[in-house]
Amino acid sequence: MKFILTSELNKLAKKLRFLGYNSTVSRSLSSHTTIRIAIKEERILLTRSVKLAKDKRCFTRILLVDDEPADQLRYLFHELKLNHDNIFTRCPDCNSELQNIPVEKVGITLPAKVLANYSEFKVCRKCGKYYWKGTHYEKTLALAQDYMKS
Ligand SMILES: [Zn+2]
């Protein structure tokens, strides 16, 4: 399941990526271009635009009516039966897949406290950011588990 989101849903895109869902944010202001990408790449269109959500050229399109990204995500969990099977595999910032990196290769680039407390690290080769299973991971996982139950 892959997504294309209109730009007002950038925060939701980061949450979806963190959960492992391939999520592109459309930088084009033209709805035509956004729909073309959705069709070509077989992405589900997520938008807050009523006009765009009504466009029948796009096979799957979902209109999000909630303001808060957490509520939008909850809605998608219910609507699309999302899960957290692939959490921590994709960069929330750029949508690239994360790669495992041994702790000795992480070296001095991270705070000593982080290096002392975590053993599993991932890196985004595209934007150079490091990730570990810290509080953000735990919170997102708990949120996803909660959404799957309710
Ligand atoms: Zn990245």
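When a ligand or atom number is given, it counts from 1 through the structure's own listing order. The shown structure was predicted, so the numbers you read here are calculated from the model rather than taken from an experiment.
- Of all protein atoms, those that are N, O or S and lie under 2.8 Å from the Zn ion (ligand 1) total 4.
- Two residues are said to be in side-chain contact when any heavy atoms from C-beta on lie closer than 4.5 Å; Leu98 and Tyr131 meet this criterion.
- With hydrogens and angles disregarded, no donor-acceptor distance shorter than 3.5 Å links the side chain of Arg90 to the backbone of Phe18.
- Taking 4.5 Å as the limit, every side-chain heavy atom of Leu82 sits out of range of all side-chain heavy atoms of Leu19.
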Which donor-acceptor pairs under 3.5 Å do side chains of residues 121-130 form with protein atoms, sequence neighbours excluded?
residue	atom	partner	partner atom	Å
Lys122	NZ	Phe88	O	3.1
Arg125	NE	Gln99	OE1	2.8
Lys129	NZ	Asp93	OD2	2.7

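- In the model, Asn22 has no side-chain atom that pairs as donor or acceptor with a side-chain atom of Arg17 under 3.5 Å.
- In terms of modelled atom types and a separation under 3.5 Å, the side chain of Asn117 and the main chain of Lys113 share a donor-acceptor contact.
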